[in-house]
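Working notes, beginning with the structure itself.
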Amino acid sequence: NEIHPFEDETGIEFFARKNDSSLFAVGMHSKKRPHNLILGRTFNYQILDMIEMGVERCTTMQEHKSQACSVGMKPLMVFNGEAFNRDENLVRLKSILLDLFRGEVADKVSLKGLEYIITVTAGPPGPNGETGLVFFRTYTTSLKKSGLRQPRVELEEMGPSLDLRIRRVRLPTEDMWKLAVQVPKELKVVKVKNISRDGLGDKYGRVHLGKQEINKIQTRKVRALKKNLDGGKPGKRQKMDVDTE
């Protein structure tokens, strides 16, 4: 398909609606833009933002002799360089890559489950301050004995390895971005005061009581134990109560 997202959005938006997709990646090659790679996101089946990069060097997985990781594993992503916090283009690239490789949401990940790592390194900027090269690398992990509780982790390059140069970036409009990052009411976690859960899912509640005036608490009164206000002997009824009780 002849798809050029920066010139015509209809093609991408058609496939996003047809496949119910919020992410897209387009690879193309032309004389004007050789080895072109476009990554982007959609919101409500409309293009939200996208970034175009040129692949200046690529090493495929077949060229590496290391063992590939299992399919569907959640990667550990590392971004190297202060530019990912300052450069607007790299901030956008980091956000898109995190969404692209996030996979299933998990609260905890076992150490043995981290089979591969993705590192994205920002190179030095150009002479005119333009964004420099971006080095994309993937590694498999192997756990070795270290004599300590934590094992020693060794990395072996798995591929693919890409050297990317940013060409064009399309930022979202302010109104569309506000709608895209808005959390629906159904997904918001409502906090309940004094209610908590432990690791097993058991629910615990804390109840706060006011000041207790013990002297005014109504307790059971036993007539046989009451003192005679006249100072005389207890009556027959009182004595009967004592005998029966």
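Values in this document were obtained by computation on a predicted structure and should not be read as measured data.
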Only one of Ile51, Val120, Ile166 clears side chain to side chain contact (heavy atoms under 4.5 Å, CB included) with Leu90; which? Ile166
Is there a path of hydrophobic side-chain contacts, each under 4.5 Å between heavy atoms of I, L, V, M, F, W or Y residues, that connects Val134 with Phe136? yes
Short question: side chain of Ser161, backbone of Thr59 - any donor-acceptor pair under 3.5 Å? no
Flag the pair Glu174 and Lys178 as a salt bridge only when some basic side-chain nitrogen lies within less than 4.0 angstrom of an acidic carboxylate oxygen. yes
Electrostatic pair Glu56-Arg165, nearest N-O below 4.0 angstrom: yes
About how many Å separate CD of Glu115 and CE of Met73, when rounded to the nearest 0.5 Å? 4.0 Å
Verify side-chain contact (heavy atoms from CB on, under 4.5 Å) between Arg41 and Leu23, making sure each step is shown before the conclusion. CA-CA 5 Å; Arg41 297 177 288 194; Leu23 296 165; 3.3 Å; yes
Hey, does the side chain of Thr138 reach the backbone of Gly159 with a donor-acceptor pair shorter than 3.5 angstrom? yes
Please confirm whether the backbone N or O of Phe15 pairs with a side-chain atom of Asn19, one donor and one acceptor, at under 3.5 Å? yes
Is the shortest heavy-atom distance from the side chain of Arg137 to the side chain of Asp163 under 4.5 Å? yes
Donor-acceptor under 3.5 Å (His29 side chain, His35 main chain): yes
When you check the side-chain N and O atoms of Asp175 and Thr173, is any donor under 3.5 Å from an acceptor? no
Are any of the side-chain nitrogens in Arg168 or Glu7 under 4.0 Å away from the carboxylate oxygens of its partner? yes
Main-chain N/O of Asn89 paired to Asp87 side chain as donor or acceptor, under 3.5 Å: yes
